[in-house]
A.B. asks: 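Below is a structure I'd like to ask you about.
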Amino acid sequence: MWKKHEPASNGVREFAEKGEAWSLMKEIEAAGEKIQSVHGIFSTGSITSGTGQASTELEAHSRHPFVSFMVRIVPSPDWFVGVDSLNLCNGNQWKQSVTLDLHPYDAGTDSGFTFSSPNFATIPQGTVTEITASSPSHPANSFFYPRLKNLPPIAKVTFTKIKGRIVSFLDIQSNVTVTGNEIEENASETPLDCEVSVWSHWGLCKGSCGSTGFKNRTRYIRMKAENNGTACPKLDEQKECEPENCV
């Protein structure tokens, strides 16, 4: 269905970006007909708030013990959570229960940094990558927390065998706090460059009539440099001028 470090299919792209599942369903059905690799398709309703739970039932077979799925993150450029080829068997026995923490993935088809970024296609298309606390390494990234060792999971899925059927429960979490996850001071390897605002307008020309005056403009620090990032440039600038309104 999808695989980390490989390009997403057109169906995965349309689902991750737009929530349209038709192309993805056709891809899965075509794969099942061609190489008989698909035993069944399942879906469940969306979770419409920041927290919640959804569940569904699926049927697995001894010749088809693997399960893959993806859940779109809304809103987002092309982000999702999911599982790729999870084996529901342990040897020749079905697992009674499996629980996994889920972290966000980027489908590699849109270059937006934030949840509400406008559409900005990635050309050429990238690969599916896991979003971490420091990757993409940009302060605008909605998941950019360089002082955390790992992002807390944003969802959890549980597969439970019930009387010959497999039931999956997807639990979406928010505001998860994990203690001991902070990176110690100066231990982060991610350099952060200083960021400053744009220059202000030039101020009034100050000076005595008949002589050269000076005017100034300033800017301020938006984010200080850390971990050997590029230092801040100067924050004030002065240039000569002719004093105005002299009598």
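The figures here come from the full heavy-atom set of this structure, side chains too, leaving out hydrogens, waters and symmetry mates.
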A.B. asks: Which atom pair, heavy atoms only, marks the closest approach of Phe144 to Ser137?
C.D. replies: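 Minimum heavy-atom contact is CE1-CA, 3.8 Å.
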A.B. asks: Determine the interplanar angle of the Phe80 and Trp2 rings, folded into 0 to 90°, and report it as parallel if under 30°, tilted if 30 to 60°, perpendicular if over 60°.
C.D. replies: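 Rings of Phe80 and Trp2: perpendicular, as their planes differ by over 60°.
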A.B. asks: Could you pull out all residues at least two apart from Thr218 that satisfy side-chain contact (heavy atoms from CB on, under 4.5 Å)?
C.D. replies: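 side-chain contact (heavy atoms from CB on, under 4.5 Å) check on Thr218 returns Ser200, Asp236.
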A.B. asks: With sequence neighbours excluded, tell me which residues meet ring-ring contact (aromatic ring centres under 6.0 Å, His included) with His201.
C.D. replies: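 So His201 forms no ring-ring contact (aromatic ring centres under 6.0 Å, His included) with any residue.
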A.B. asks: Search all heavy atoms of Asp106 against all heavy atoms of Thr109 and return the closest pair with its distance.
C.D. replies: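 Heavy-atom minimum between the residues: OD1-N, 4.4 Å.
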A.B. asks: Once ring-ring contact (aromatic ring centres under 6.0 Å, His included) is applied, do any residues pair with Phe15, and if so which ones, sequence neighbours excluded?
C.D. replies: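 Phe15 satisfies ring-ring contact (aromatic ring centres under 6.0 Å, His included) with no other residue.
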A.B. asks: List in chain and number order the residues that pass side-chain hydrogen bond (donor to acceptor under 3.5 Å, both in side chains) with Gln238, two or more places apart in sequence or in another chain; answer none if no residue qualifies.
C.D. replies: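 Checked Gln238 against side-chain hydrogen bond (donor to acceptor under 3.5 Å, both in side chains); matches are Asn216.
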A.B. asks: Under the side-chain contact (heavy atoms from CB on, under 4.5 Å) test, which residues partner Trp199, sequence neighbours left out?
C.D. replies: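 For Trp199 the side-chain contact (heavy atoms from CB on, under 4.5 Å) partners, ignoring immediate neighbours, are Arg217, Arg219, Glu237.
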A.B. asks: Could you check whether atom CG of Asn87 has more than 12 heavy atoms from other residues, nucleotides or ligands sitting under 6.0 Å from it?
C.D. replies: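 Buried by this count: over 12 neighbours within 6.0 Å.
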A.B. asks: Taking only residues two or more places apart in sequence or in another chain, which ones pass side-chain hydrogen bond (donor to acceptor under 3.5 Å, both in side chains) with Asn10?
C.D. replies: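 Checked Asn10 against side-chain hydrogen bond (donor to acceptor under 3.5 Å, both in side chains); zero matches.
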A.B. asks: Output all residues satisfying ring-ring contact (aromatic ring centres under 6.0 Å, His included) with His39, sequence neighbours left out; order by chain, then residue number.
C.D. replies: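 Applying ring-ring contact (aromatic ring centres under 6.0 Å, His included) to His39 gives His61, His64.
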A.B. asks: Mind checking the OG-CD1 spacing from Ser9 to Ile28? Nearest 0.5 Å is all I need.
C.D. replies: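 One gets 8.5 Å once the value is rounded to the nearest 0.5 Å.
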A.B. asks: Identify, with sequence neighbours excluded, every residue that meets side-chain contact (heavy atoms from CB on, under 4.5 Å) alongside Lys239.
C.D. replies: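 Lys239: side-chain contact (heavy atoms from CB on, under 4.5 Å) contacts with Trp202, Lys215.
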A.B. asks: With Thr122, which residues qualify under side-chain hydrogen bond (donor to acceptor under 3.5 Å, both in side chains), at least two apart?
C.D. replies: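 Ser111.
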A.B. asks: Output all residues satisfying side-chain contact (heavy atoms from CB on, under 4.5 Å) with Ser85, sequence neighbours left out; order by chain, then residue number.
C.D. replies: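 Result, side-chain contact (heavy atoms from CB on, under 4.5 Å) vs Ser85: Phe66, Ser68.
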A.B. asks: State yes or no: do Val81 and Met1 share one hydrophobic cluster built from I, L, V, M, F, W and Y residues joined by side-chain heavy-atom distances below 4.5 Å, directly or via other members?
C.D. replies: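 Hydrophobic grouping puts Val81 apart from Met1.
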A.B. asks: Check Val12 against Glu27 and note the closest heavy-atom contact, atom names and distance.
C.D. replies: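 That would be N-OE1, 4.2 Å.
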A.B. asks: Sequence neighbours excluded and cut-off under 3.5 Å, please list the side-chain donor-acceptor pairs for residues 113-120, or say none.
C.D. replies:
residue : atom : partner : partner atom : Å
Thr114  : OG1  : Ser117  : N            : 3.3
Thr114  : OG1  : Ser117  : OG           : 2.7
Ser117  : OG   : Phe113  : N            : 3.3
Ser117  : OG   : Thr114  : N            : 2.9
Ser117  : OG   : Thr114  : O            : 3.2

A.B. asks: Under the rule for side-chain hydrogen bond (donor to acceptor under 3.5 Å, both in side chains), what residues qualify as partners of Thr212, not counting sequence neighbours?
C.D. replies: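 side-chain hydrogen bond (donor to acceptor under 3.5 Å, both in side chains) list for Thr212, sorted by chain: empty.
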A.B. asks: Heavy-atom count around Leu100 CG within 6.0 Å, excluding the residue itself: above 12?
C.D. replies: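 Yes, CG of Leu100 has more than 12 neighbouring heavy atoms, counting only those of other groups under 6.0 Å.
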A.B. asks: So how far is it from Glu195 CD to Ile221 CD1, rounded to the nearest 0.5 Å?
C.D. replies: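 Interatomic distance, Glu195 CD to Ile221 CD1, rounded to 0.5 Å: 11.5 Å.
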